[in-house]
Asker: 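Questions regarding the structure given below will be posed in turn.
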Amino acid sequence: MERINKDKIFRLWSLIIHLKGKSRYRKDIPKLYFFYGAKKEGKKNLTYGEYYNEGNIIKIWGGPHINFNDLASTMLHEYAHYLQFWPWYTRYQNTHSYETNPYELEAREFESLAPSLTKLVSDTGWKREITKNPKISRIYQKSIESIVVKY
């Protein structure tokens with residue numbers, strides 16, 4: 001994937017928070033860690049992103065993504081997990097496969113928003129969006145504190 005502009009990550013994160021809101025099960029929005037490379041692990045499957053309920057953290061690895069739309073899908077997917085009630089997530093893990101887990105199905109539905117959000121983080125789309133809705137600009141300023149970008 002091409003090198004991602006850090007500001008585009010901040011913009012995308014702000015739009016996700018604006019559209020999906022805060023979890024009713026958590027006091028704060030999750031801290032987002034974005035890594036430009038790939039997760040170092042011995043498995044054949046690449047890890048795109050993970051939500052850690054303990055600590056309320058989302059980690060995204062840019063390396064395996066093929067484009068920004070793909071990255072947006074992962075961020076939306078993991079944000080869906082932040083919004084979910086985690087005792088039920090654990091219950092579903094014990095009674096369903098990954099493919100049939102209702103919370104995973106819901107997270108995959110969130111991914112459908114990626115193409116429209118990807119357009120909004122462009123310079124033109126962003127200016128138009130924050131002019132229409134100044135609340136997004138305030139979320140953007142606050143969200144910068146919740147994002148750690150690692151090279």
Side-chain angles (χ1 to χ4, degrees), residues 1-122 125-126 129 133 135-136 139-140 142-151:
M1 182 173 81
E2 78 278 359
R3 190 108 169 125
I4 297 290
N5 176 315
K6 190 164 73 168
D7 194 50
K8 279 187 164 187
I9 296 168
F10 295 164
R11 291 174 184 180
L12 177 60
W13 187 240
S14 303
L15 289 168
I16 292 170
I17 293 167
H18 173 70
L19 284 174
K20 294 302 181 180
K22 289 174 70 174
S23 172
R24 52 187 169 159
Y25 309 110
R26 306 292 304 216
K27 184 178 137 196
D28 299 315
I29 62 168
K31 186 134 186 142
L32 173 66
Y33 287 85
F34 179 84
F35 304 93
Y36 277 100
K39 183 175 182 181
K40 298 193 181 358
E41 58 186 334
K43 299 176 188 173
K44 287 184 180 180
N45 295 336
L46 292 174
T47 301
Y48 290 74
E50 294 176 326
Y51 173 67
Y52 299 88
N53 183 50
E54 195 170 312
N56 194 27
I57 295 170
I58 292 175
K59 291 184 179 180
I60 305 291
W61 288 271
H65 294 91
I66 56 172
N67 55 38
F68 194 74
N69 190 65
D70 193 29
L71 174 71
S73 291
T74 300
M75 288 174 69
L76 283 157
H77 183 103
E78 300 308 332
Y79 199 82
H81 290 317
Y82 149 74
L83 293 172
Q84 294 164 339
F85 185 58
W86 270 78
W88 278 96
Y89 186 88
T90 304
R91 183 177 183 181
Y92 290 147
Q93 273 187 312
N94 294 329
T95 59
H96 293 77
S97 69
Y98 180 82
E99 290 77 22
T100 64
N101 179 329
Y103 274 7
E104 289 299 337
L105 294 172
E106 180 182 49
R108 285 194 286 281
E109 284 178 26
F110 268 50
E111 294 177 30
S112 66
L113 293 172
S116 59
L117 293 184
T118 300
K119 290 176 188 169
L120 296 178
V121 299
S122 70
W126 182 250
E129 203 58 32
N133 194 336
K135 182 180 179 186
I136 296 172
I139 293 170
Y140 172 84
K142 282 184 171 182
S143 72
I144 289 173
E145 300 166 8
S146 71
I147 301 172
V148 177
V149 177
K150 303 261 186 170
Y151 294 94

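Values below: every heavy atom of this structure, side chains too, minus hydrogens, waters and symmetry copies.
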Asker: Does W86 reach the main-chain N or O of H81 with its side chain, forming a donor-acceptor pair under 3.5 Å?
Answerer: yes
Asker: Report yes or no: does S122 contribute a side-chain atom to a donor-acceptor pair with the main-chain N or O of T118 at less than 3.5 Å?
Answerer: no
Asker: Any non-hydrogen side-chain atom of T90 less than 4.5 Å from a side-chain atom of N53?
Answerer: no
Asker: At what distance, to the nearest 0.5 angstrom, does OG of S23 lie from CD1 of I29?
Answerer: 11.5 Å
Asker: Start with the C-alpha distance between I16 and L12, add both sets of side-chain angles, then the distance that settles side chain to side chain contact (heavy atoms under 4.5 Å, CB included), and finish with yes or no.
Answerer: CA-CA 6 Å; I16 292 170; L12 177 60; 4.0 Å; yes
Asker: Any side-chain heavy atom of L32 within less than 4.5 Å of one from M75?
Answerer: yes
Asker: Is it true that a side-chain atom of N56 and a backbone atom of R26 form a donor plus acceptor pair closer than 3.5 Å?
Answerer: no
Asker: Would you give the length of the straight line joining atom OG1 of T47 to atom CZ of F35, rounded to the nearest 0.5 angstrom?
Answerer: 12.0 Å
Asker: Between E50 and K39, does any side-chain N to carboxylate O distance fall below 4.0 Å?
Answerer: yes
Asker: Can you see which heavy atom on P30 is nearest to which on Y79, and at what distance?
Answerer: CD-CE1, 4.0 Å
Asker: Might you point out which heavy atoms bring Y103 and F85 nearest each other, and give the distance in Å?
Answerer: CE2-O, 3.3 Å
Asker: Looking at E99, is its backbone amide N or carbonyl O close enough to the side chain of R108 to form a donor-acceptor pair, meaning the two atoms are under 3.5 Å apart?
Answerer: yes
Asker: Please confirm whether the ring centroid of Y140 lies under 6.0 Å from the ring centroid of W126.
Answerer: yes
Asker: CZ of R91 to NE2 of H96: how many Å apart, nearest 0.5 Å?
Answerer: 9.5 Å
Asker: If you measure from NZ on K20 to CG on L83, what distance do you get to the nearest 0.5 Å?
Answerer: 8.0 Å
Asker: Does K150 make a cation-pi contact with Y33, if we ask for NZ or CZ under 6.0 Å from the ring centre and within 45° of the axis?
Answerer: no
Asker: What is the minimum heavy-atom distance between D70 and P64, and which atoms define it?
Answerer: OD2-O, 4.3 Å
Asker: Measure the OG-CD1 distance between S14 and I139 for me, rounded to the nearest 0.5 Å.
Answerer: 7.0 Å
Asker: Do W13 and S146 have side chains that get closer than 4.5 Å, going by heavy atoms?
Answerer: yes
Asker: Between the side chain of E78 and the main-chain N/O of I60, is any donor-acceptor distance below 3.5 Å?
Answerer: no
Asker: Do the two ring centres, one from Y92 and one from Y89, sit under 6.0 Å apart?
Answerer: no
Asker: Could you measure the distance from the NE2 atom of H77 to the OH atom of Y51? Nearest 0.5 Å is fine.
Answerer: 13.0 Å
Asker: So, for V121 and R11, which heavy atoms are closest and what is the spacing to 0.1 Å?
Answerer: O-NH1, 2.7 Å
